[in-house]
Amino acid sequence: MTLKKTESQSNQKIIKIEELNWKQIDKLNRDKTIFFLPISPLEVHGPHLPVGTDLITSRDAATEAIKVLQQKKPDLTYVLLPALPIGYCKFATDFPGSISINSKVIRDLIYSSASSLAKLGFNYFIICTFHMAIPHLKGIYSAMKKIQSKYDMKTCEPWGPYFYNNQIEKNEPKLGFDTSKEIHAGFRETSLMKYQYPYLVDESYKDLQNIYRDLNSPRNIGKKFKQLGLKDGYVGSPARADVNYGRWFFNETVNVCVKATIDLYEGKKTSELPKKIKNAMRALFWC
Ligand SMILES: [Zn+2]
């Protein structure tokens with residue numbers, strides 16, 4: 001039963017906007033088509049994971065979520081936009097491969113992308129990101145606010161509310177250590193990449209020491225990784241990585257996206273960022 005479902009899911013075609021012509025796009029039902037935009041920066045993820053870890057995860061989660069949605073709600077059409085290697089990560093730019101984009105540019109990029117579709121009457125736009133830096137989210141949430149104020153388009157960003165409302169800790173398999181400190185290329189992401197792309201994980205992860213920092217603490221804001229003593233560009237305990245946890249974690253990224261999409265479509269209230277994160281976003285200058 002499970003196998004059959006997996007097979008039929010993988011045979012479903014994912015509609016990619018770049019492969020359509022304008023007539024095909026014009027034929028899509030405005031009220032029954034949902035667009036997915038994966039967006040995350042290229043950013044150092046320790047000496048053991050690729051700089052595209054967040055970007056790849058955003059794209060894969062959106063793709064898998066579409067496959068699940070095609071089964072759950074086959075009357076709707078799901079369209080994947082090309083993944084944008086865009087995001088704010090200035091704190092990581094003391095490592096090669098980290099490319100930081102200003103938060104105002106992120107806002108304008110998302111707004112321009114979504115409003116190009118909204119102007120033609122399309123109504124649903126999901127933003128998939130796995131990069132949780134607050135200036136990055138400020139760009140995304142400002143764009144969403146602007147779109148919703150000018151058009152009928154409904155948008156959401158599923159992972160931020162899940163992440164910042166500590167839902168991972170609440171739902172994950174019990175492990176006997178505090179995973180909430182595994183914030184960057186640590187246990188969680190190394191497990192996920194070991195599950196999804198074992199050939200992209202450098203074996204050196206097994207020898208990496210545990211190292212913890214609160215990147216959102218006021219005294220750490222504005223500092224780069226190396227100034228915080230993060231000489232290898234990760235935060236957490238990658239050596240603990242476990243492929244079974246990686247499977248759970250990846251599936252969770254998919255489930256969260258599926259649930260948010262259905263809630264958005266059905267007009268239910270989607271999860272919100274907690275107040276303290278909203279306030280932090282508001283207090284932040286554009287950077
Ligand atoms: Zn990451």
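One-based numbering, in listed order, for ligands and for the atoms of each. One-based numbering along the sequence shown.
With a cut-off of 2.8 Å, the Zn ion (ligand 1) has an N, O or S atom of H45 in range. The Zn ion (ligand 1) lies at 2.8 Å or more from every N, O or S atom belonging to E43.
A salt bridge is absent between K16 and E18: the closest approach of a Lys/Arg side-chain nitrogen to an acidic carboxylate oxygen does not fall below 4.0 angstrom.
Nearest N, O or S atom of D54 to the Zn ion (ligand 1): atom OD1. The atom of E189 nearest to the Zn ion (ligand 1) is OE2, with the search restricted to N, O or S atoms.
A donor-acceptor distance shorter than 3.5 angstrom exists from the side chain of H48 to the backbone of A185, with no hydrogens or angles considered.
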**Prompt:** Would E266 and K73 count as a salt bridge (charged side-chain N to carboxylate O under 4.0 Å, His left out) if you check the C-alpha gap in whole Å, the side-chain angles of each, and the deciding distance to 0.1 Å?
**Reply:** CA-CA 11 Å; E266 291 180 346; K73 287 205 165 280; 3.2 Å; yes
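Screening F122, Y124, Y78 for a ring pair (Phe, Tyr, Trp, His ring centres under 6.0 Å) with F35, the sole residue that qualifies is F122.
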